[in-house]
Amino acid sequence: MGNTVTCCVSPDASPKAGRDRAVTERGEPYQAQVELQETDPGPHLQHISDREFPVDFHDEPNPSDHPQASTIFLSKSQTDVREKRKSNHINHVSPGQLTKKYSSCSTIFLDDSTVSQPNLRSTIKCVTLAIYYHIKNRDSDRSLEIFDEKLHPLTREEVADDYCKHDPDHKHIYRFVRTLFSAAQLTAECAIVTLVYLERLLTYAEIDICPTNWKRIVLGAILLASKVWDDQAVWNVDYCQILKDITVEDMNEMERHFLELLQFNINVPASVYAKYYFDLRSLADDNNLSFLLEPLSKERAQKLEAISRLCEDKYKDLSKAAMRRSISADNLVGIRRSNAIIS
């Protein structure tokens, strides 16, 4: 008691260091009054938001971070969709027999894919189609050595010298991704997160996905997404059992570089996830990759009603918990009060 600690504000001063000095030798804090002298505060310190995000970042937000920014794969695919529609219109090409089913007053058609439980097969097809458009409509061939398949091959087969000149087709990309997801037993949600990480890597590292690096970039995104999303993640050594000729050391190095290029930003907000899901559905509609529609049966209608009722009860419980933490004056009527015991 009675001790007064006088400190000055300097550019090199740290609030944590100041707290550490106000501790006794036994680790007990002083009951001291801190008096700040009016001195020159030094250079102006930027707010954390100003330091983290440059000015041009707000002008063009990253689609993998911000839910309002349009996805890159959807914008790249629109060029081909418009050209295809224009060509069909000029050449008077008939759209053919309409295979899409529409609901009526007597029948409702639904698919088995939702934002919380997407259909695995359809989701992988859409994600690989998005990767295909990334490769086909890339701006340039910027890449990094860690993703170059010539320098870090995934198989023992010799890579052709002209491998950089041939773009993979959609079926080739689909078979590669489907093999990994089937062998590792990954979920459809993991495929969507894989695409989020892929686009985040392309924007953060300022590179392009091209024939020389697409396999290793996709593999790195799947590896990271499976560890972040799935509860029982697949180890790097497990992928070596799927891809027989790759080493654990190579997988570890690629994962480390991938995380560093992402600046260790592996967060995927729910709004961003939902945006990618619905943009993938739009991509499927534009490319005639329709989801399997089935008439709504009585059993499925009862199941959907039960799920809806379960969600409503869950939200009611959350609202009650919030009311217990903070009660306004409007809800004071009818609250039971326990009797005070005076001893």
Side-chain angles (χ1 to χ4, degrees), residues 49-82 113-116 118 122-144 147 167 170 173 177 186-210 213-214 216-229 257-287 289:
S49 61
D50 299 331
R51 294 197 301 268
E52 286 185 354
F53 306 109
V55 178
D56 57 350
F57 186 85
H58 296 282
D59 297 336
E60 295 181 1
N62 193 317
S64 63
D65 294 323
H66 296 264
Q68 297 180 353
S70 60
T71 53
I72 302 176
F73 71 87
L74 191 62
S75 60
K76 287 183 177 294
S77 66
Q78 292 304 311
T79 304
D80 289 39
V81 172
R82 287 193 296 266
S113 181
T114 61
V115 66
S116 59
S122 301
T123 303
I124 293 179
K125 277 190 174 183
C126 295
V127 170
T128 52
L129 183 62
I131 297 173
Y132 165 77
Y133 279 119
H134 264 290
I135 301 175
K136 180 181 179 182
N137 299 326
R138 64 187 182 275
D139 298 329
S140 59
D141 292 323
R142 300 170 298 176
S143 184
L144 297 173
F147 300 122
D167 294 346
H170 179 214
I173 302 174
V177 176
L186 302 178
T187 60
E189 297 90 342
C190 183
I192 299 177
V193 178
T194 297
L195 184 59
V196 175
Y197 288 157
L198 188 145
E199 292 202 343
R200 186 174 295 175
L201 174 72
L202 299 182
T203 52
Y204 278 29
E206 297 182 352
I207 61 176
D208 301 281
I209 184 168
C210 51
N213 61 14
W214 73 270
R216 291 183 62 85
I217 288 180
V218 171
L219 177 61
I222 293 176
L223 171 66
L224 191 59
S226 63
K227 291 185 176 182
V228 174
W229 186 263
H257 278 80
F258 207 106
L259 280 170
E260 291 177 352
L261 293 172
L262 290 184
Q263 302 173 18
F264 296 92
N265 180 15
I266 57 176
N267 180 41
V268 179
S271 55
V272 172
Y273 172 88
K275 177 189 67 175
Y276 271 79
Y277 169 79
F278 288 110
D279 281 359
L280 285 172
R281 291 197 66 123
S282 300
L283 181 70
D285 292 338
D286 294 338
N287 292 269
L289 292 178

Practice problem: With sequence neighbours left out, write down each residue that passes side chain to side chain donor-acceptor pair (under 3.5 Å) with Y276, or none if nothing qualifies. | Solution: E199
Exercise. Any chance you could lay out the side chain to side chain donor-acceptor pair (under 3.5 Å) test for N287 and Y133, step after step, and finish with the verdict?
Key: CA-CA 11 Å; N287 292 269; Y133 279 119; 2.5 Å; yes
Self-check item: Value rounded to 0.5 Å, distance of CZ in R216 from CG in L144
Solution: 11.5 Å
Practice problem: Could you tell me which residues satisfy side chain to side chain donor-acceptor pair (under 3.5 Å) with K227, sequence neighbours excluded, listed by chain and number? | Solution: N236, E255
Quiz item: If you look at every heavy atom in G220 and F258, which pair is closest and at what distance?
Solution: C-CE1, 3.8 Å
Quiz prompt | Rounded distance (nearest 0.5 Å) linking atom CG of L74 with atom CD1 of I72 | solution = 11.0 Å
Quiz item: Of all residues at least two apart in sequence or in a different chain, which pass the side chain to side chain donor-acceptor pair (under 3.5 Å) check with T187?
Solution: E189, D230
Quiz item: Under the side chain to side chain contact (heavy atoms under 4.5 Å, CB included) test, which residues partner D167, sequence neighbours left out?
Solution: I135, R138, P211
Quiz item: Do you know which two heavy atoms are closest between Y197 and I266, and how far apart they sit?
Solution: OH-O, 2.6 Å
Practice problem: Please name all residues satisfying ring-ring contact (aromatic ring centres under 6.0 Å, His included) with Y273, sequence neighbours left out, ordered by chain then number. | Solution: W229
Self-check item: Considering all heavy atoms, the nearest C190-T194 contact
Solution: O-OG1, 2.7 Å
Self-check item: D285 side, atom CG; L280 side, atom CG - distance, nearest 0.5 Å
Solution: 11.0 Å
Quiz prompt | Worked verdict on N213 versus I209 for side chain to side chain contact (heavy atoms under 4.5 Å, CB included) | solution = CA-CA 6 Å; N213 61 14; I209 184 168; 3.9 Å; yes
Self-check item: Minimal non-hydrogen separation, V272 against P63, with atom names
Solution: CG1-O, 4.0 Å
Quiz prompt | I131 CD1 to W214 CH2 distance, which is reported to the nearest 0.5 Å | solution = 8.0 Å
Exercise. Flag the pair I222 / L186 as yes when at least one side-chain heavy-atom distance between them is below 4.5 Å, and no otherwise.
Key: yes
Quiz item: Just by distance, do the side chain of H170 and the backbone of K125 share a donor-acceptor pair under 3.5 Å?
Solution: yes
Quiz item: Looking at CD1 of I217 and CD1 of I207, how far apart are the two atoms once the value is rounded to the nearest 0.5 Å?
Solution: 4.0 Å
Quiz item: Roughly how far apart are I173 CD1 and I124 CD1, rounded to 0.5 Å?
Solution: 13.5 Å
Practice problem: Could you point out which residue of L198, L224, V127, V268 forms a side chain to side chain contact (heavy atoms under 4.5 Å, CB included) with V193? | Solution: V268
Quiz item: What pairs with D208 under salt bridge (Lys or Arg N to Asp or Glu O under 4.0 Å), at least two apart in sequence or on another chain?
Solution: R142
Quiz item: So which heavy atom on A69 is nearest to which on K275, and how close?
Solution: O-NZ, 2.8 Å
